[in-house]
Enquirer: 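Take this structure, written in structure tokens, and hold onto it; I'll ask about it next.
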Amino acid sequence: MRILLSCLLILALVPGWTGEQRLALFEGAAQMDARRVDLDPHDPSRRKLGALTYLGGIVLTSRSPAFGGYSSLAVSGDRFLLLSDGGNVVRFRMGADWAPHDLHFSNLPAGPATGWMKQDRDSESLAVDPNTGQLWVGFERFNQIWRYAPGFARAEGYIAPHEMKNWPKNGGAESLARMPDGRFVTISEEAKVRRQFWRGGEASRRDSRQALIFPGDPLKGHARRFAYRVSPDHDVADAAALPDGSLVIVERRFRLPFRFSNRIMLVPAAQIAPGRVAQARLLAELDSPLIHDNFEGVAVTQEAGATILWLVSDDNQLFLQKSYLLKFRLERAAVR
């Protein structure tokens, strides 16, 4: 009887446990190393990449078992925030010396399900209101968007939009961008519907991704649909808004035996509208022999009148991959 009662107590304290090892969490003192990297390992002087100019980058490592898997980021001045697809948060300051300072590790205070397994915290996208500091996170598998207080102090609520109900469980809200006018845009990573028809044209399963526009805070407004025409054999990894209301989209491609590449795309502001099939043009492509990995996060900042793109890669916590953080300048002629 004592054994039976002990087993029942364990089940009561650990709901939803299936025998799988618990999701790794950040614990103890934060530790992270950064090493400078060249865009082209064979030509350190190379800076041009399509419409982008490489300004530098680092590869991040840590002894923490929870470190890695960064799918989204936010940058404000010299402050950086990286969010993993397991709900782990890295915050630090970094200046022109490329040396991270004031490092802080934490974990999302709440999210879908119990948080025991990684799929409970499959946080793939991030948006921040620069005025309030509130944060919104898109979760795959549950197709939900959660809002958090500044600094991820607490969860303030969530929504499971019925428009996202049929999005792929492992290919849902991979991107989430807050537009300059306060709207929010999210685009599915993968396709699920066979064929849809939009006012702006026909979008097939092979070349389109479902997308939503929220008029404001996703937890308060009704979403309207549009579609994004993706490059052949690519999926949507992330998106970020430019000051003029256009959208930078990172697309990802995987090829056997084990090779990632990315395309950086630009969607004009006028095409981000309900019922449209948004068309993008190529800004740059990251592929061998240049740095290439599973880049899943993009952030936009301004420096002395220049538009800066930051990219972060999701290493899937595999030794074959790396956590890169790269900085590019978007040349003005590219957005005219």
Side-chain angles (χ1 to χ4, degrees), residues 71-76 81 83 85 87 89 106-113 115 120-169 171-189 192 196 198-199 209-228 236 238-249 267 269-276 278 297-300:
S71 294
S72 52
L73 79 160
V75 185
S76 177
L81 185 157
L83 176 63
D85 56 8
V89 181
S106 62
N107 309 288
L108 289 180
D120 296 344
R121 293 293 185 268
D122 195 358
S123 43
E124 295 285 352
S125 53
L126 171 69
V128 182
D129 185 335
N131 299 315
T132 66
Q134 289 176 306
L135 308 103
W136 289 259
V137 174
F139 288 90
E140 283 189 342
R141 298 183 185 276
F142 292 85
N143 286 329
Q144 296 177 358
I145 298 175
W146 284 61
R147 189 182 70 217
Y148 298 86
F152 287 115
R154 65 185 181 280
E156 296 182 334
Y158 74 93
I159 186 172
H162 71 271
E163 297 89 351
M164 293 169 56
K165 181 179 179 181
N166 294 321
W167 284 20
K169 286 190 175 182
E174 188 81 8
S175 62
L176 183 64
R178 183 182 184 275
M179 309 301 287
D181 60 6
R183 293 178 301 158
F184 284 71
V185 171
T186 182
I187 306 173
S188 63
E189 176 187 7
K192 187 173 183 178
Q196 296 186 3
W198 307 85
R199 186 170 63 246
R209 298 295 179 267
Q210 300 176 82
L212 299 177
I213 302 172
F214 295 89
D217 182 348
L219 275 65
K220 298 180 179 179
H222 176 69
R224 299 188 66 183
R225 304 175 192 267
F226 75 110
Y228 171 69
V236 174
D238 201 10
L242 295 180
D244 67 352
S246 55
L247 203 62
V248 171
I249 295 180
V267 179
Q271 298 205 24
I272 305 169
R276 291 291 301 267
V298 61
V300 174

Enquirer: Between Tyr148 and Phe139, how do the two ring planes meet: parallel, tilted or perpendicular, split at 30° and 60°?
Expert: tilted

Enquirer: So Asn166 and Gln210, side chain to side chain contact (heavy atoms under 4.5 Å, CB included) or not? Walk me through it.
Expert: CA-CA 10 Å; Asn166 294 321; Gln210 300 176 82; 5.9 Å; no

Enquirer: Kindly indicate, with the supporting measurements, whether the criterion side chain to side chain contact (heavy atoms under 4.5 Å, CB included) is fulfilled by Phe152 and Val137.
Expert: CA-CA 10 Å; Phe152 287 115; Val137 174; 3.9 Å; yes

Enquirer: Identify the two heavy atoms, one from Ala241 and one from Pro180, that lie closest to each other, and give their separation to 0.1 Å.
Expert: CB-CD, 3.9 Å

Enquirer: Contact between Pro274 and Ile213 at the side-chain level, heavy atoms closer than 4.5 Å - yes or no?
Expert: yes

Enquirer: Check for a donor-acceptor pair, side chain of Arg209 on one end and backbone N or O of Glu189 on the other, with a separation under 3.5 Å.
Expert: yes

Enquirer: Of all the heavy-atom pairs spanning Trp146 and Gly111, show the shortest one and how long it is.
Expert: CZ2-C, 3.4 Å

Enquirer: Does Ala173 offer a backbone N or O that forms a donor-acceptor pair with the side chain of Ser125 under 3.5 Å?
Expert: yes

Enquirer: Which residues pass the side chain to side chain donor-acceptor pair (under 3.5 Å) test with Arg183, sequence neighbours left out?
Expert: Asp181

Enquirer: Could you go through Phe214 and Leu212, starting from their C-alpha distance and side-chain angles, then the distance that decides it, and tell me whether this counts as side chain to side chain contact (heavy atoms under 4.5 Å, CB included)?
Expert: CA-CA 7 Å; Phe214 295 89; Leu212 299 177; 4.2 Å; yes

Enquirer: Can you tell me if Asn143 uses its side chain to pair, donor with acceptor, with the backbone of Trp167 under 3.5 Å?
Expert: yes

Enquirer: Closest heavy-atom contact between Gly138 and Leu176?
Expert: N-CD2, 4.2 Å

Enquirer: Side chain to side chain contact (heavy atoms under 4.5 Å, CB included) between Val128 and Leu81: does it pass, once the steps are laid out?
Expert: CA-CA 10 Å; Val128 182; Leu81 185 157; 5.8 Å; no

Enquirer: Of all the heavy-atom pairs spanning Ala74 and Ala299, show the shortest one and how long it is.
Expert: CA-CB, 4.4 Å

Enquirer: Kindly compute the distance separating CG (Asp85) from CD (Glu140), expressed to the nearest 0.5 Å.
Expert: 8.5 Å

Enquirer: If you measure from NE2 on His222 to CD on Glu163, what distance do you get to the nearest 0.5 Å?
Expert: 5.0 Å

Enquirer: Is the closest side-chain donor-acceptor distance between Trp136 and Asp129 under 3.5 Å?
Expert: no

Enquirer: Looking only at non-hydrogen atoms, find the nearest pair between Gly221 and Pro215 and report the distance.
Expert: CA-CG, 4.2 Å

Enquirer: Compare all side-chain heavy atoms of Asn107 with those of Arg121 and state whether any distance is below 4.5 angstrom.
Expert: no

Enquirer: Going from CG on Leu135 to CD on Glu156, what distance comes out if it is rounded to the nearest 0.5 angstrom?
Expert: 9.0 Å

Enquirer: Just verifying a value: how many Å separate Ile159 CD1 and Gln144 CD, rounded to the nearest 0.5 Å?
Expert: 10.0 Å

Enquirer: If I take atom CG from residue Leu247 and atom OG from residue Ser175, how far apart are they, to the nearest 0.5 angstrom?
Expert: 7.5 Å

Enquirer: At what distance, to the nearest 0.5 angstrom, does NZ of Lys220 lie from CZ of Arg147?
Expert: 5.5 Å

Enquirer: So, for Ala269 and Asp244, which heavy atoms are closest and what is the spacing to 0.1 Å?
Expert: CB-O, 3.8 Å

